[in-house]
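We name chains A, B, ... by the order of the sequence lines, and we start the count at 1 in each one.
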Number of protein chains: 2
Amino acid sequence: MSIPDPSWGTHAHTVLEEAGHRRGGARDEVIDLLASQACALSAQDIETALRAQGRAVGRASIYRALDVLVEYGLIKRLEVGRAEACYEPANPGGHHHHHVVCEVCGELAAFDDRELEAAIARLGARLGMHIDDHDVLLRGTCRECAGRVPTATPPQHLHQH
Amino acid sequence: MSIPDPSWGTHAHTVLEEAGHRRGGARDEVIDLLASQACALSAQDIETALRAQGRAVGRASIYRALDVLVEYGLIKRLEVGRAEACYEPANPGGHHHHHVVCEVCGELAAFDDRELEAAIARLGARLGMHIDDHDVLLRGTCRECAGRVPTATPPQHLHQH
DNA sequence: TCTAATAATGGGACTCAGTCTCGGAAACAG
DNA sequence: CTGTTTCCGAGACTGAGTCCCATTATTAGA
Ligand SMILES: [Mn+2]
Ligand SMILES: [Mn+2]
Ligand SMILES: [Zn+2]
Ligand SMILES: [Zn+2]
């Protein structure tokens with residue numbers, strides 16, 4: 001999700017409405033914010049962003065909205081090894097991408113790979129159990145950080161959190 | 001890691017010793033427990049298990065031990081979408097596996113797939129940045145749970161935590 | 001339009017995995 | 001042995017996420 005997809009917001013609203021959910025201000029704000037965003041956001045990010053634009057929403061409501069959206073497959077929850085989870089809109093068509101995280105600066109980048117997806121699909125078939133989702137996370141050093149690191153450095157240590 | 005590998009424990013002790021770490025009771029207990037275990041353990045699991053066998057170890061020491069072990073690549077940290085992380089011994093040869101988690105009962109199973117690893121390796125090369133680790137997690141429904149679920153069930157929802 | 005039923009909201013207390021601190025214990029080089 | 005340094009444990013602390021519940025908003029139906 002490198003480019004924000006404005007149509008995702010309407011789609012999300014529609015899905016929830018058709019599922020019988022009433023429309024409330026808080027959840028709408030969360031959806032609209034996610035629709036306008038290019039990159040995955042944490043619950044914290046969402047709270048801060050909404051407050052900053054004068055549309056503060058209770059923390060409980062943010063988590064509730066995220067739960068519902070995950071439930072309907074409208075957003076994808078990402079665990080990136082940080083303390084908090086991040087969320088990003090999911091393409092209704094099922095097309096998706098995965099991420100590489102820089103172990104040095106924590107930057108998150110997306111990539112999209114047909115071959116990887118194909119390998120996972122075949123693997124699922126081979127396992128003999130029904131697989132309906134998967135996560136892939138690559139860890140490495142981004143270009144910028146690779147240039148900045150002195151040559152005689154001991155192996156990078158990634159402390160949890 | 002379906003079968004505990006007793007030699008891993010000695011290997012871990014050796015690596016740490018050669019790296020200049022002093023040998024202390026707490027970390028030894030953690031290593032020995034991990035070496036005897038077939039499945040990934042959380043920090044909580046470790047604390048409980050050690051206490052149960054009368055070898056209680058401070059929580060801080062458990063996390064310290066896990067940090068060091070991750071740092072030297074001796075264990076692998078797993079995020080399985082639960083609240084806490086899990087840890088399991090890493091094969092010194094670099095050979096490893098990934099996991100499938102059942103969305104219904106939470107059971108964790110390991111699998112090992114050459115084709116997937118090859119796809120990831122090629123992908124890393126294509127990305128043009130140095131990748132030194134990766135995670136893959138499949139989510140689905142295990143055989144047991146597939147049999148138990150009534151036919152007219154709405155799509156399984158996986159609530160976070 | 002009005003109303004009743006019910007879903008959504010938000011403040012704030014609470015949980016609990018993980019972190020930090022610091023005084024004391026153990027390891028080990030010399 | 002002894003001094004230096006690392007390791008250890010108790011417990012205070014942090015912060016993401018959860019829970020509760022009184023209040024407010026939505027909406028189907030009269
Ligand atoms: Mn994929
Ligand atoms: Mn792999
Ligand atoms: Zn970087
Ligand atoms: Zn199951």
Side-chain angles (χ1 to χ4, degrees), chain A residues 12-33 40-51 54-72 75 77-87 106 157-161, chain B residues 12-14 16-33 40-51 54-72 75 77-87 157-161:
Chain A
H13 284 124
T14 306
V15 169
L16 294 185
E17 185 185 341
E18 287 180 353
H21 286 270
R22 293 183 186 174
R23 193 148 179 173
R27 195 169 51 216
D28 281 4
E29 293 296 350
V30 173
I31 291 176
D32 293 350
L33 178 63
L41 292 181
S42 69
Q44 206 71 263
D45 293 338
I46 294 173
E47 186 169 11
T48 306
L50 290 180
R51 186 186 312 284
R55 319 192 158 216
V57 155
R59 197 185 327 150
S61 301
I62 292 176
Y63 282 107
R64 266 188 301 246
L66 293 173
D67 280 349
V68 173
L69 291 168
V70 167
E71 201 168 316
Y72 287 88
I75 61 175
R77 181 173 208 265
L78 303 178
E79 310 258 5
V80 193
R82 301 174 195 164
E84 359 76 72
C86 292
Y87 301 84
H157 302 151
L158 186 60
H159 292 260
Q160 59 184 86
H161 175 222
Chain B
H13 284 125
T14 306
L16 294 185
E17 185 186 341
E18 288 180 354
H21 286 269
R22 294 183 187 173
R23 192 151 182 172
R27 195 170 51 217
D28 281 4
E29 294 295 350
V30 173
I31 291 177
D32 292 350
L33 178 63
L41 291 181
S42 69
Q44 206 71 262
D45 293 338
I46 294 173
E47 186 168 10
T48 307
L50 289 179
R51 186 186 314 285
R55 318 191 160 217
V57 155
R59 198 185 328 149
S61 300
I62 292 175
Y63 283 106
R64 266 188 300 245
L66 293 172
D67 281 349
V68 173
L69 291 168
V70 167
E71 200 169 317
Y72 287 88
I75 61 176
R77 181 174 205 265
L78 302 179
E79 310 259 3
V80 193
R82 302 174 195 165
E84 357 76 72
C86 291
Y87 302 82
H157 302 148
L158 184 61
H159 293 260
Q160 59 185 85
H161 174 218

- Short side-chain donor-acceptor distance under 3.5 Å, D45(A) and T48(A): no
- Candidates dA10(D), dA25(D), dT6(D) - which lies nearest the side chain of A60(B): dA10(D)
- When we call it a touch if two heavy atoms are under 4.0 Å apart, what does A26(A) touch: a base, just sugar-phosphate, or nothing? sugar-phosphate
- Query: Could you give the CD-to-C1' distance, from E84(A) to dT14(D), as a whole number of Å?
  - Reply: 13 Å
- List the atom of A40(B), the atom of C86(B), and the distance in Å for their closest heavy-atom pair. CB-CB, 3.8 Å
- Query: Judged by atom type as modelled, is there a donor-acceptor pair below 3.5 Å linking the side chain of R27(B) to the main-chain atoms of R22(B)?
  - Reply: yes
- Message: Using whole Å, what does the distance between atom C1' of nucleotide dA16(D) and atom CG of L78(A) come to?
- Response: 16 Å
- Task: Verify the contact: side-chain N or O of Y63(A) to OP1 or OP2 of dT18(D), cut-off strictly under 4.0 Å; return yes or no.
- Result: no
- Message: Tell me whether D28(A) contacts the main-chain N or O of G25(A) through its side chain, where contact means a donor paired with an acceptor under 3.5 Å.
- Response: no
- Task: Would you mind reading off the distance between D67(A) atom CG and dG10(C) atom P, rounded to a whole angstrom?
- Result: 15 Å
- From CZ of R59(A) across to C1' of dT15(C) the rounded distance in Å is 13 Å
- Between atom CG in L16(A) and atom P in dA7(C), what is the gap in whole Å? 15 Å
- Query: Just how far, in rounded Å, is C1' of dA16(D) from CD of E79(A)?
  - Reply: 12 Å
- Task: Specify the separation, in whole Å, of atom NE2 of H21(B) and atom P of dC28(C).
- Result: 13 Å
- Length of the line joining I46(A):CD1 and dG17(D):P, which is rounded to integer Å: 10 Å
- Name the residue closer to the 5' end of DNA chain D, choosing between A43(A) and R64(A) according to the nucleotide with the nearest heavy atom. A43(A)
- Message: Using OP1 and OP2 only, check whether a side-chain N or O of Q44(A) sits under 4.0 Å from dA16(D).
- Response: yes
- Task: Grab the two heavy atoms, one from G81(A) and one from E79(B), that are nearest each other, plus how far apart they are.
- Result: CA-OE2, 3.7 Å
- Just to confirm, is there a sub-4.0 Å distance from OP1 or OP2 of dG10(C) to any side-chain nitrogen or oxygen of S61(A)? yes
